[in-house]
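Here the structure is laid out as structure tokens; the discussion comes afterwards.
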Number of protein chains: 2
Amino acid sequence: MEAILSRKEQIERTATALFKTKGYSATSMRDLATALGIEAASIYSHIKSKEEILQRVCFRMAQEFFEAIDAAEEAGGSATDRLKRAIAAHVQVLTHNKEASAVFLHEWRHLSEPLLGTYLALRDKYEARFREIIRAGVKNGEFAVPDEKFAALTILSGLNWTHTWYKPEGKMTPAEIAENLSEMLLNGLSTKKQALHDTYSHLNTI
Amino acid sequence: MEAILSRKEQIERTATALFKTKGYSATSMRDLATALGIEAASIYSHIKSKEEILQRVCFRMAQEFFEAIDAAEEAGGSATDRLKRAIAAHVQVLTHNKEASAVFLHEWRHLSEPLLGTYLALRDKYEARFREIIRAGVKNGEFAVPDEKFAALTILSGLNWTHTWYKPEGKMTPAEIAENLSEMLLNGLSTKKQALHDTYSHLNTI
DNA sequence: CCTACCGATCGGTAGG
DNA sequence: CCTACCGATCGGTAGG
């Protein structure tokens, strides 16, 4: 399980942990060097700049999320099935890359242009994948939501909190977390559907 | 509506906007001074330190959230009623203090002890208010959740994303946002309750 | 609220 | 991977 890491990978991994806990800006190259047991200047034999580390982490995570949702959607099925698999895939990536996910979610704003724009475009594309599944579900009557974009963002934000409390040694496995999140988001807390929304009950009139 | 602000309030408000967009660490006192149209040294006639600004924002927002949930729970009612009112109260505070909420939610880790500990204790106490409502609802059969703590955090994280996209001039009012969030979180996306609940009733025994 | 300035620290480079 | 060092900038103070 413990792969031998190249120095560059060590730098990236250590920096990721520091970026998560202290934030990108508050982490100095000397902090990073100390954590690695070398001098600050030595880091530059392996990387070009502090921001390069951030870039690598952000875009590697973007790729991971896309690969995961691609695999999740490949099997097809109902909108419910696809959403549940997309949620599970997202949670798998989050829990398997806890530190890097935190950096991806919170430190991206320290990217400079043009990569910042690229990052934001990728994120929107990823969110669109969730919007599409929800849209399909609304169209065929599986789902009822106030607004597709709103629903997609609410779901993703519910998932994205996971990295703040997830511990590999905790009592819930990533698969169980995903199942519980799916349950909460698809079925809600209430034991019965309420006549809450006459406002948009015209949507679910069957 | 536009109250006359004291210089100290101006400093705090301008700093809050900068902390939100650039982050606390990446915002320099010279950035702040430039935004205010004065010299950096002049700021210190009004505040003691950069961190004092962060402290004031974080603890003011904590107070706002508590006052809001106090008012929301005062009316009593079913767990469903109380949860819906707590959600609406939380969203009101978030949308009414967009920048300060972002700082409260994301920049608190730059507080130093002992205030950091105080902050974390307050946040846990606030989350406990939601856990209590959920627990009451589970007990009397209104709600079914995999885990009360898990449910409270998922709900709060769903709400807390609001500040990233809310715009006062947007098409949804804070009250509508709250209603839509309540609808999604209480009833879920699915048009019918699935037989999923049986799936995790065994998970609880693990 | 300003000028003048402080010691500390920042990201990064030169040269080995 | 190190020593030695750079110019820039940091949060903050003295004194008016």
Side-chain angles (χ1 to χ4, degrees), chain A residues 4-59 99 103 106-116 119, chain B residues 4-59 99 103 106-116 119:
Chain A
I4 292 147
L5 299 175
S6 71
R7 194 90 241 207
K8 187 163 184 171
E9 288 168 328
Q10 270 183 55
I11 290 170
E12 216 176 287
R13 186 173 291 209
T14 307
T16 300
L18 287 170
F19 290 171
K20 180 189 175 160
T21 51
K22 307 187 63 165
Y24 174 77
S25 295
T27 301
S28 74
M29 294 307 267
R30 279 147 184 96
D31 290 336
L32 177 53
T34 303
L36 288 161
I38 59 177
E39 292 300 317
S42 306
I43 298 172
Y44 291 91
S45 318
H46 301 94
I47 55 132
K48 276 184 306 201
S49 67
K50 185 184 175 184
E51 195 184 321
E52 194 204 5
I53 307 176
L54 180 63
Q55 289 165 6
R56 290 175 61 92
V57 175
C58 287
F59 288 96
E99 272 82 22
V103 172
H106 298 304
E107 305 301 326
W108 56 266
R109 62 181 158 176
H110 297 107
L111 293 169
S112 49
E113 296 289 6
L115 284 185
L116 178 59
Y119 171 89
Chain B
I4 292 147
L5 299 176
S6 71
R7 195 89 243 208
K8 186 164 184 171
E9 286 166 332
Q10 268 183 57
I11 291 170
E12 216 176 288
R13 187 174 289 209
T14 308
T16 301
L18 287 169
F19 291 171
K20 180 189 174 161
T21 51
K22 308 189 60 163
Y24 175 76
S25 295
T27 301
S28 74
M29 295 305 269
R30 278 147 185 96
D31 290 336
L32 176 54
T34 304
L36 289 162
I38 60 176
E39 292 301 315
S42 307
I43 298 172
Y44 291 91
S45 318
H46 302 94
I47 54 133
K48 276 184 307 202
S49 67
K50 185 184 175 185
E51 195 184 320
E52 194 205 5
I53 306 175
L54 180 63
Q55 289 165 7
R56 289 175 61 91
V57 175
C58 287
F59 288 96
E99 273 81 22
V103 172
H106 297 303
E107 305 300 327
W108 56 267
R109 62 180 158 178
H110 297 108
L111 293 169
S112 50
E113 296 290 3
L115 284 183
L116 177 59
Y119 172 89

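Reminder, nothing fancy here: chain letters follow the sequence lines and each chain counts from 1.
- At a cut-off of 3.5 Å, with distance as the only test, a side-chain donor of R7(A) or Q10(A) sits close to an acceptor on the other residue.
- Between Y119(A) and F59(A), the two ring planes are perpendicular [angle over 60°; tilted spans 30° to 60°].
- Ring pair H106(B)/H106(A) is tilted by interplanar angle, where 30° to 60° counts as tilted.
- Within the 3.5 Å criterion, the main-chain N or O of S112(B) finds a donor-acceptor partner in the side chain of E51(B).
- Side-chain contact between M29(A) and Y44(A) is present, with at least one heavy-atom pair separated by less than 4.5 Å.
- At dC1(D), none of the side-chain N or O atoms of S45(A) fall inside 4.0 Å of OP1 or OP2 (strictly under the cut-off).
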Inset, instruction - List the protein contact pattern of nucleotides 9-16 of chain D with one symbol per nucleotide (5' to 3'): B for base contact, S for sugar-phosphate-only contact, - for none; contact means a heavy-atom distance under 4.0 Å. - result: -SBBB---
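- Going from atom CD1 of I38(B) over to atom P of dC1(C) covers 5 Å, rounded to whole Å.
- Stretches of at least 3 consecutive Watson-Crick or G-U wobble pairs, with each checked distance under 3.5 Å, appear in DNA chain C as C:1-16 with D:1-16.
- You'll find the side chain of I11(B) stays beyond 4.5 Å of the side chain of R56(B), heavy atoms only.
- Two residues are said to be in side-chain contact when any heavy atoms from C-beta on lie closer than 4.5 Å; K50(A) and Y24(A) meet this criterion.
- Screening I47(A), I38(A), L18(A) for a side-chain contact (heavy atoms from CB on, under 4.5 Å) involving L32(A) leaves a single residue, L18(A).
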